[in-house]
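Below: one structure, written as structure tokens.
Along the sequence shown, the residues carry numbers beginning at 1.
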Amino acid sequence: QVTSFLAGTMMVDRLYTSLVLAPKSVIPSWERELNNNLKAHLPEVQVVVIDANMKKKQRTTLLGAVEASNRRSKHIIIMTHHLLLTMIEEVERICWDCVVLDEGHIIKNTTTKMSQTMHQLRSPFRLLLSGTPIQNDLKEFWALVNWATQGSRFGREADFRKTFADPILRGQDPSAGERSRALAAEARLSLIRVIRPVLLRRKKADQRQKELQLPEKKELVLWIRLSTKQRQQYYEYVHSRRYEEVMHQTTRRIPSSSTA
């Protein structure tokens with residue numbers, strides 16, 4: 001989906017420089033998908049992986065070329081989250097057309113260096129990918145959306161907490177009254193309306209059922225005899241003292257302390 005989005009917007013000259021930040025384990029997947037699918041339609045786009053194995057001078061040169069391109073050529077730079085921390089001075093000099101943050105829940109805690117570094121990036125468009133935003137608590141959810149929308153959707157955390165988080169949490173309390181539950185329901189609906197334009201959820205119900213069907217389960221039971229060594233060990237155990245202790249032991253009861 002992201003590859004298709006980048007390809008489409010680059011075809012119509014809406015994007016020139018894009019930055020993809022991802023865990024090290026999925027960097028090869030990003031490189032393969034972009035090279036195989038995006039470059040098949042846009043061979044002029046330069047897809048470059050910058051990793052820690054490169055010398056610092058080489059990494060700086062590659063980023064300098066993106067900065068100097070001045071929209072005369074199109075680049076997609078791929079790097080890990082943690083490499084960004086060491087190269088933030090070079091990266092933040094570039095005004096990226098688009099920043100893609102894979103495994104975006106890495107910035108759910110706004111006090112971490114990673115979260116603060118991500119906010120230093122300059123980009124009019126941000127895309128965050130995460131498999132867990134709906135399961136996160138509301139503060140973490142605010143942190144993800146706040147970065148992706150650059151604060152335009154919810155505003156300050158205090159405002160978000162007052163308008164959405166506090167009423168919802170009060171309504172979830174088992175002892176909440178009817179009014180608190182009604183206010184919580186109203187806050188939830190309002191939150192859904194606010195977030196719907198900027199949140200795309202991929203659910204199983206939206207996928208073709210044929211792709212989700214697993215082959216029919218087959219169970220095969222085989223009865224086999226114990227080997228000579230297995231029979232010997234089994235016989236020794238069932239006639240052992242340990243076996244007798246296990247079979248005849250009783251649960252110890254801890255007497256309750258008496259009150260004076």
Side-chain angles (χ1 to χ4, degrees), residues 1-108 110 112-130 143-152 198 200:
Q1 287 176 322
V2 175
T3 299
S4 299
F5 165 76
L6 293 176
T9 48
M10 284 184 161
M11 283 180 179
V12 294
D13 296 332
R14 292 291 301 273
L15 297 183
Y16 286 83
T17 58
S18 296
L19 175 65
V20 177
L21 299 164
K24 183 178 180 180
S25 59
V26 298
I27 293 291
S29 298
W30 276 103
E31 183 181 17
R32 182 178 61 253
E33 289 297 321
L34 291 169
N35 280 321
N36 291 348
N37 297 307
L38 184 141
K39 286 182 68 68
H41 304 281
L42 296 165
E44 72 276 12
V45 176
Q46 298 182 48
V47 177
V48 180
V49 175
I50 298 181
D51 59 41
N53 295 324
M54 295 178 175
K55 293 182 178 180
K56 183 177 180 180
K57 184 177 180 180
Q58 184 181 3
R59 299 198 301 261
T60 303
T61 300
L62 289 170
L63 289 173
V66 176
E67 184 180 8
S69 66
N70 196 26
R71 305 179 75 85
R72 290 189 298 270
S73 56
K74 297 175 181 177
H75 299 79
I76 299 179
I77 301 298
I78 310 171
M79 67 168 58
T80 65
H81 304 133
H82 296 290
L83 184 58
L84 172 68
L85 295 177
T86 65
M87 300 194 65
I88 184 57
E89 291 185 6
E90 293 89 346
V91 176
E92 70 175 344
R93 284 203 297 262
I94 303 171
C95 186
W96 302 92
D97 293 322
C98 177
V99 174
V100 179
L101 177 59
D102 196 0
E103 299 295 338
H105 45 268
I106 196 173
I107 62 169
K108 65 184 181 180
T110 57
T112 63
K113 185 177 181 181
M114 177 61 69
S115 178
Q116 294 167 0
T117 300
M118 289 301 303
H119 280 276
Q120 293 178 234
L121 298 178
R122 295 186 296 153
S123 173
F125 186 82
R126 297 175 177 179
L127 183 61
L128 183 146
L129 311 179
S130 175
L144 303 188
V145 177
N146 184 60
W147 178 83
T149 63
Q150 303 185 63
S152 65
V198 296
L200 175 64

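- More than 12 heavy-atom neighbours from other residues, nucleotides or ligands sit within 6.0 angstrom of CD on E44.
- Checked against salt bridge (Lys or Arg N to Asp or Glu O under 4.0 Å), R72 has no partners two or more places apart in sequence or in another chain.
- Side chain of T9 to main chain of R14: no donor-acceptor pair is present (N/O by atom type, distance under 3.5 Å, no hydrogens or angles).
- Of the possible polar contacts, none joining the K39 side chain to the V47 backbone as a donor-acceptor pair under 3.5 Å is found.
- In this structure, the side chain of K108 does not engage the main chain of A143 through any donor-acceptor pair within 3.5 Å.
- Counting heavy-atom neighbours within 6.0 Å of H119 NE2, excluding the residue itself, gives a total above 12.
- Of the possible polar contacts, none joining the W30 side chain to the I78 backbone as a donor-acceptor pair under 3.5 Å is found.
- Comment: R71 does not engage D13 in a salt bridge, judged by the lack of any side-chain N to carboxylate O separation of less than 4.0 angstrom.
- Distance alone, capped at 3.5 Å, places no donor-acceptor pair between the D97 side chain and the S18 backbone.
- In this structure, R126 contributes its side chain and Q150 its backbone to no donor-acceptor pair below 3.5 Å.
- The main-chain N or O of I50 is never found under 3.5 Å from a side-chain atom of R59 such that the two would form a donor-acceptor pair.
- With hydrogens and angles ignored, the 3.5 Å screen pairs a side-chain donor or acceptor of D51 with a backbone N or O of M54.
- Within the 3.5 Å criterion, the main-chain N or O of D102 finds a donor-acceptor partner in the side chain of H81.
- Judged purely by atom type and a 3.5 angstrom limit, S152 uses its side chain to pair as donor or acceptor with the backbone of T149.
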